[in-house]
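Note that the structure is a prediction, hence the values are computed from the model and not measured.
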Number of protein chains: 2
Amino acid sequence: MAIVGSQPNVKQRRQRTLLDLIARAPIGSQDELVELLHQRGFEVTQATVSRDAAELGLVKVPRADRHIYATAEAAATGNAYDTRLRRLLEDIPVRIGRSGLSLVLVATPGSAGAIAQAIDQSSLTDQVGTLAGDNTLLVLFETEAALERWLVRFMTFQPSDESALPSGRPSPAASRVANSEAPR
Amino acid sequence: MAIVGSQPNVKQRRQRTLLDLIARAPIGSQDELVELLHQRGFEVTQATVSRDAAELGLVKVPRADRHIYATAEAAATGNAYDTRLRRLLEDIPVRIGRSGLSLVLVATPGSAGAIAQAIDQSSLTDQVGTLAGDNTLLVLFETEAALERWLVRFMTFQPSDESALPSGRPSPAASRVANSEAPR
DNA sequence: CGGTCCAGTGAATAGTCATGCAAGTCCGCT
DNA sequence: AGCGGACTTGCATGACTATTCACTGGACCG
C-alpha cells in the first residue's frame, strides 16, 4: 500500500489535476473525484481527496439544487455581475432604510446609479425595479415577502457588516441588520 | 402565495440571525448552529439549518485545521492581502515560466512590483523571496518541492485560467497549467 | 365551509466527509 | 548499514450533512 512515494511530486500533480477537474465540470462528491482521478491514472481513495480538498481550500457550494466543489475564489464568483455588485459594496458603504414596500439604500454621492445598475444585472431578482438618485436609490417590491427575501440575499453580498437595519428610522444607533431577537 | 405567513416571517429572521452568527464566530457544524439558534429562541432542527444554509449559499471552508461556515463571499476573503493579490491577478494576466528553482512571472509593464509585493504579503510563504523588474518578476525557491507546493497554491489565486504552464519555454500554444497526464 | 394547493418543517435515514491509526517510503545522520 | 523522523496514504469508522417522506397550517377557491 501507499504505493507512490517514489515520485515525490505525485501529490502536487494530483492536486493540480484536482483543480483542473473541478474547474471543468461540476463535481458533486469526493467519490466522483476519486473516480475521475482514477481515470487519469491516480490511485487514491476518498480520504486522500478529502485531505487534498482541505489543503487546497476547496469548498462545496450550493449551486442550482445541488452542491458542487469549487475553489473559495470561484465560489464567490457566481455571476460576473454579482461580482461587480460585491465589489461595489465593498468599496461603498451602503446604509439600508425602509419605507413601505421600498428599501432605501443610501450610498456615497454619485454612486447610486452604479449600484442600481449592478443590482439590476445581478442575480437578485425579487425586486420590481430600482430607481437611482445621486447618493440614494430605491429598490421597489411587490410584496412584503419579496422584500424580506431580497434583503436576506442582499446581505450575503455585503462585506462584513457595517450597514444599518431596515426599520423605519435612519437611527444613529449602530443597529446591525442581523438583529436577533426571539422569533415571536 | 406565501404572502408571508402569519408570524412575520420567522424564516427570514432566522436566516438573518444565521448570517449574523457565522459572521461573529467560527461555527463548525450545523448542530452548533441549531444550538445557538435555540438560545436565541428559534426552535429548529439540523434539517432546517441545512436547508437554510443551501438557500443562503453558505459554504464550509477549511480554515486553520478545521472547517467553518461562511458566506461564499467571506470564504474568498481570508487574508486581506490575499484578496489584494487575487484582485491583481484578475486584472493582470500573468504568464508563468520556469527556470531552475525560480518561477518567472511575466505580467504587464509596470505591474511586476505590485504583484511581487502582493505575493510577499500574502499567505503564500513557500518562497524564499521575490525579485521584481518592470513587467517580470522572479519567485525564488529553496527546493523543488517548495516550488511545486507554491505553484499549486498560487493557482487557487488565479481567476479561471488564462495562464501558461510552467515548463521551459514561453510557448505561444495555449497550454494550460493544469495539464493532467498520468502519474508515472 | 370542504377541498386543494403549497411553503415550511421534523424525524429518520441515506449520503458524504473528516480523521485516528498503522503502515510504507524517503530522507538525513551517525 | 542502521536508526529516527517527517510525509503521505489507506482503512475503518465516527462525524456531519442532505434528502426523502409525511404532516401541518394557512391561503385560495368555488
Side-chain angles (χ1 to χ4, degrees), chain A residues 1-15 18 22 26-38 41-70 126 143-146 148-149 152 183-184, chain B residues 1-15 18 22 26-38 42-70 126 142-146 148-149 152 183-184:
Chain A
M1 59 171 53
I3 321 100
V4 178
S6 51
Q7 291 285 318
N9 40 11
V10 171
K11 179 179 174 184
Q12 260 74 30
R13 292 201 290 149
R14 184 185 63 234
Q15 293 189 341
L18 216 44
I22 66 171
I27 311 282
S29 77
Q30 297 183 353
D31 282 340
E32 223 172 307
L33 282 170
V34 169
E35 173 59 26
L36 290 169
L37 285 174
H38 201 88
F42 294 94
E43 290 289 344
V44 287
T45 62
Q46 173 268 325
T48 297
V49 171
S50 172
R51 287 185 268 248
D52 283 345
E55 278 180 39
L56 295 172
L58 302 187
V59 297
K60 213 176 171 184
V61 325
R63 266 292 160 68
D65 101 345
R66 85 154 164 306
H67 291 64
I68 64 173
Y69 278 94
D126 287 320
T143 66
E144 171 77 16
E148 294 286 354
R149 217 177 311 130
V152 173
R184 66 177 44 94
Chain B
M1 62 157 74
I3 292 297
V4 162
S6 50
Q7 314 293 295
N9 25 21
V10 174
K11 180 179 174 184
Q12 257 76 26
R13 290 201 291 148
R14 184 186 61 236
Q15 294 190 341
L18 216 44
I22 65 170
I27 311 283
S29 78
Q30 297 182 352
D31 281 339
E32 221 172 308
L33 282 171
V34 168
E35 174 58 27
L36 290 170
L37 285 173
H38 201 87
F42 294 93
E43 289 289 343
V44 287
T45 62
Q46 173 268 326
T48 297
V49 171
S50 172
R51 287 184 271 249
D52 282 346
E55 279 180 39
L56 295 173
L58 301 187
V59 297
K60 212 177 172 183
V61 328
R63 265 293 158 64
D65 102 345
R66 84 149 162 312
H67 291 65
I68 66 174
Y69 278 95
D126 286 319
E142 201 156 288
T143 65
E144 171 78 16
E148 294 287 354
R149 218 177 311 131
V152 172
R184 62 174 50 91

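- Considering only side-chain N and O atoms, B/R51 lies nowhere under 4.0 angstrom from the phosphate OP1 or OP2 of C/dG10.
- Taking 4.0 angstrom as the limit, A/K60 places a side-chain polar atom (N or O) nearer than this to OP1 or OP2 of C/dC17.
- Between A/Y69 and C/dC17 there is a side-chain N or O to OP1 or OP2 distance below 4.0 Å.
- To the nearest angstrom, C1' of D/dA15 lies 13 Å from CD of B/E32.
- In this structure, B/Q15 atom CD and C/dG8 atom P are separated by 9 Å, rounded to whole Å.
- To the nearest 0.5 Å, atom CD1 of residue B/I68 and atom CG of residue B/L58 are 11.5 Å apart.
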Show your reasoning for whether side chain to side chain donor-acceptor pair (under 3.5 Å) applies to B/D52 and B/Q15.
CA-CA 7 Å; B/D52 282 346; B/Q15 294 190 341; 2.8 Å; yes
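- With rounding to whole Å, B/E35 atom CD is found 14 Å from D/dC16 atom P.
- At the heavy-atom level, A/T48 lies under 4.0 Å from the strands shown only through sugar-phosphate atoms.
- Between B/H67 and B/V61 there is no side-chain heavy-atom pair separated by less than 4.5 Å.
- Within the nucleic acid shown, A/S29 comes within 4.0 Å of sugar-phosphate atoms alone, with no base atom in reach, counting heavy atoms only.
- In this structure, CD1 of B/I68 is placed 13 Å from P of D/dT17, rounded to the nearest angstrom.
- Using a 4.0 Å heavy-atom cutoff across all strands shown, B/R66 reaches no nucleic acid atom at all.
- Here C/dT16 presents its C1' atom at 12 Å from CD of B/Q30, a figure rounded to the nearest Å.
- Atom CG of B/D52 and atom P of D/dT17 are 14 Å apart (whole Å).
- Out of C/dA12, D/dC11, D/dT9, the shortest distance to the side chain of A/K11 is found at D/dT9.
- When atom types are taken as modelled, the side chain of B/E32 and the backbone of B/G28 share a donor-acceptor pair closer than 3.5 angstrom.
- Taking atom CD of residue B/Q12 and atom P of nucleotide C/dG8, one finds them 8 Å apart after rounding to whole Å.
- When the side-chain nitrogen and oxygen atoms of B/H67 are compared with OP1 and OP2 of D/dC16, none of them lie within a distance under 4.0 Å.
- Ion pairing of B/K11 with B/E55 is present here, as a side-chain N (NZ or NE/NH1/NH2) and a carboxylate O approach within less than 4.0 Å.
- Protein atom CG of B/L56 is 12 Å distant from nucleotide atom P of D/dA18, rounded to whole Å.
- Remark: B/T45 is not in phosphate contact with C/dT9, judged by side-chain N or O atoms under 4.0 Å from OP1 or OP2.
- Between B/Q46 and C/dA11, a side-chain N or O to OP1/OP2 separation shorter than 4.0 Å is absent.
- A/V44 comes within 4.0 angstrom of sugar-phosphate atoms only, judged by non-hydrogen atoms across all strands, and of no base.
- Contact between the side-chain N/O atoms of B/S50 and the OP1/OP2 oxygens of D/dA18 is found at a separation under 4.0 Å.
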